[in-house]
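Below is one structure, written out as structure tokens; the observations come after it.
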Amino acid sequence: LPEFFPTLWQTTLDDTELGGRFQVDSPIGESASILWGADYSQNDTDSPLFVGDTDILDATGRVTVSDRSLDRFPAYQINSLGLFTQGTWDISEQFQINGGLRYENVDLSVEDYQLAFDFPREREGGSNSFDDVLFNVGMLYRPVPEVGLFGSFSQGFSIPNLGSVFSGATTTFSLEDDLLLEPQTVDSFEIGARAEFGQVQASISGFYNESELGSFIRFNQETGTSQLLRAPQRNYGLEAAVDWQPSDIWRLGGYFSWSEGESDNDDDGEFEALGSLNVPPYQIGLYVENDTTPTWSNRLQMLLVGDRDSAFDDGVDAFDIDSYVTLDFISSLQLGQGRLTLGIENLLNTDYLPLTSQERVGGFEERRFAAPGTTVSLRYSITF
């Protein structure tokens, strides 16, 4: 690591959020209503670095904090105010529409700080303010009572991850006009269908999100660390689920989820895959559950996490994601006033690297820890 890095250190996080929400639901006749109101929150976050004394560690084996002047990222405060209205109209028993508006205002203030992992360390604080008006609309149509078709459009507004912004801030970084701090507005589209036919329930939906100035994390192959980038971005995916109760005591089903994401880092109209720090691989889950007795149930569930190499092929990541399969068993027994639950995770003692370990390459390759083997837990809970 660079010489200016602390030798012995521990990250910390002190985060406090206070807020409230006021809303009124106003009926309009028998088939429509308007929900309106406001919400406010104040978030105070601080992440000083605790630097240890290496001489004391060598002499006694104890870690003693000797310096708290450095920061992983600075202390900052966010004040958020939202004003909203949302309407719903049941046009008929088959058709429903909804839509609304939201005004969002965010005030940000940052203290001066010293970065622990960059040099020179000194950075200036400051303040900034952002606001926007957002819109959403949706519909639900039931051609028959058992089937619902839905579609929606909505907008999201957020500031990027401030910890990532400030921890990688250059000496020329400015809170007033830096691109890294620009808010992200996302346009989201979703269509899908839900169905309930007696003992079978199923759903499928697809989504597409786009932003003219996205916010995503990219692994830096030269430094072995991750950094925040801003560029045009789009994400899309598909989700499906089905559940079946063939009898009063048996239940089984599964789900499938897949998503992909792309960014135009050079703003030239050519998109490349987002890194696997941002887009997970596809997943397939299956389960079977049996009520062995009126008070005893047993469940076996499988999870397949697929592979992903699109970001590796595009040169975005220095790693690709390898798939793995896990099997869990859960047995639950009503006992007295509570419930006794036996859980066995990774039932087959599969040796695999979870996603968080597969992403650790370069300077962090020694931390590519395998997932735990078979893990047994026993829990007793009482609901009152």
Side-chain angles (χ1 to χ4, degrees), residues 19-41 80-106 130-159 183-197 200-216 232-243 253 255-262 274 278-280 282-283 285:
R21 179 183 180 94
F22 170 79
Q23 66 181 36
V24 177
D25 193 352
S26 303
I28 302 177
E30 297 182 355
S31 61
S33 65
I34 293 181
L35 182 72
W36 56 276
D39 50 57
Y40 175 82
S41 68
S80 300
L81 172 66
L83 306 175
F84 60 88
T85 180
Q86 185 76 19
T88 300
W89 182 19
D90 296 325
I91 299 176
S92 68
E93 293 183 358
Q94 295 178 292
F95 192 54
Q96 179 190 83
I97 61 173
N98 62 77
L101 294 172
R102 178 179 175 87
Y103 169 74
E104 189 91 27
N105 179 274
V106 178
F130 316 96
D131 66 341
D132 205 350
V133 177
L134 313 173
F135 169 72
N136 73 82
V137 63
M139 58 79 65
L140 172 64
Y141 174 64
R142 293 188 177 276
V144 295
E146 295 82 8
V147 176
L149 308 177
F150 60 89
S152 66
F153 167 78
S154 62
Q155 294 180 309
F157 174 83
S158 64
I159 57 176
Q184 177 181 4
T185 300
V186 180
D187 293 334
S188 301
F189 305 85
E190 184 181 17
I191 59 172
R194 290 186 290 264
E196 296 184 14
F197 293 99
V200 178
Q201 304 85 43
S203 65
I204 185 170
S205 64
F207 70 89
Y208 177 83
N209 304 333
E210 63 179 1
S211 175
E212 294 182 357
L213 186 61
S215 174
F216 53 93
Q233 178 182 343
R234 59 194 184 196
N235 294 73
Y236 44 90
L238 179 71
E239 297 180 349
V242 62
D243 297 279
Y255 71 90
F256 169 79
S257 67
W258 166 83
S259 63
E260 189 53 84
E262 300 170 329
L274 283 174
N278 305 272
V279 181
Y282 69 88
Q283 294 188 9

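Note that this is a predicted model, so its numbers are computed, not measured.
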Let me confirm one number: the [atom1]-[atom2] distance from [X] to [Y], rounded to the nearest 0.5 Å.
X: Asp25; Y: Trp36; atom1: CG; atom2: CH2; value: 11.0 Å
X: Ile204; Y: Tyr255; atom1: CD1; atom2: OH; value: 16.0 Å
X: Phe130; Y: Ser80; atom1: CZ; atom2: OG; value: 11.0 Å
X: Ile34; Y: Ser26; atom1: CD1; atom2: OG; value: 7.0 Å
X: Asp39; Y: Leu83; atom1: CG; atom2: CG; value: 8.0 Å
X: Arg234; Y: Ser211; atom1: CZ; atom2: OG; value: 13.0 Å

Considering only heavy atoms from C-beta outward, does the side chain of [X] approach that of [Y] to under 4.5 Å?
X: Glu260; Y: Val279; result: yes
X: Trp89; Y: Gln96; result: no
X: Leu35; Y: Thr85; result: no
X: Tyr40; Y: Phe22; result: no
X: Asp131; Y: Val106; result: no
X: Gln283; Y: Trp258; result: no
X: Leu213; Y: Gln184; result: no
X: Phe84; Y: Gln23; result: yes

Could you go step by step and tell me if Glu196 and Arg194 meet the salt bridge (Lys or Arg N to Asp or Glu O under 4.0 Å) rule? CA-CA 7 Å; Glu196 296 184 14; Arg194 290 186 290 264; over 6 Å; no

Check whether the side chains of [X] and [Y] place a donor and an acceptor atom closer than 3.5 Å, and report yes or no.
X: Thr185; Y: Asp132; result: yes
X: Asp243; Y: Gln201; result: no
X: Tyr236; Y: Glu262; result: yes

Is it true that, when you exclude Gln94 itself, more than 12 heavy atoms of the residues, nucleotides or ligands shown sit nearer than 6.0 Å to its CD?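 Enclosed: over 12 neighbouring heavy atoms sit under 6.0 Å from CD of Gln94.
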
Within 6.0 Å of CD1 in Ile191, more than 12 heavy atoms from elsewhere: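 For Ile191, atom CD1 is not crowded (no more than 12 foreign heavy atoms under 6.0 Å).
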
Full working for side chain to side chain contact (heavy atoms under 4.5 Å, CB included) between Phe189 and Ser154: CA-CA 7 Å; Phe189 305 85; Ser154 62; over 6 Å; no

Side-chain donor-acceptor contacts of residues 135-152 below 3.5 Å, not counting sequence neighbours, with atom names and distances?
| unit_1 | atom_1 | unit_2 | atom_2 | d |
| --- | --- | --- | --- | --- |
| Asn136 | OD1 | Gln86 | NE2 | 3.0 |
| Asn136 | ND2 | Gln86 | OE1 | 3.1 |
| Arg142 | NH1 | Pro145 | O | 3.4 |

Which heavy-atom pair separates Gly82 from Arg102 by the least distance, and what is that distance?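 For Gly82 and Arg102, the tightest heavy-atom pair comes out as CA-NH2, 3.6 Å.
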
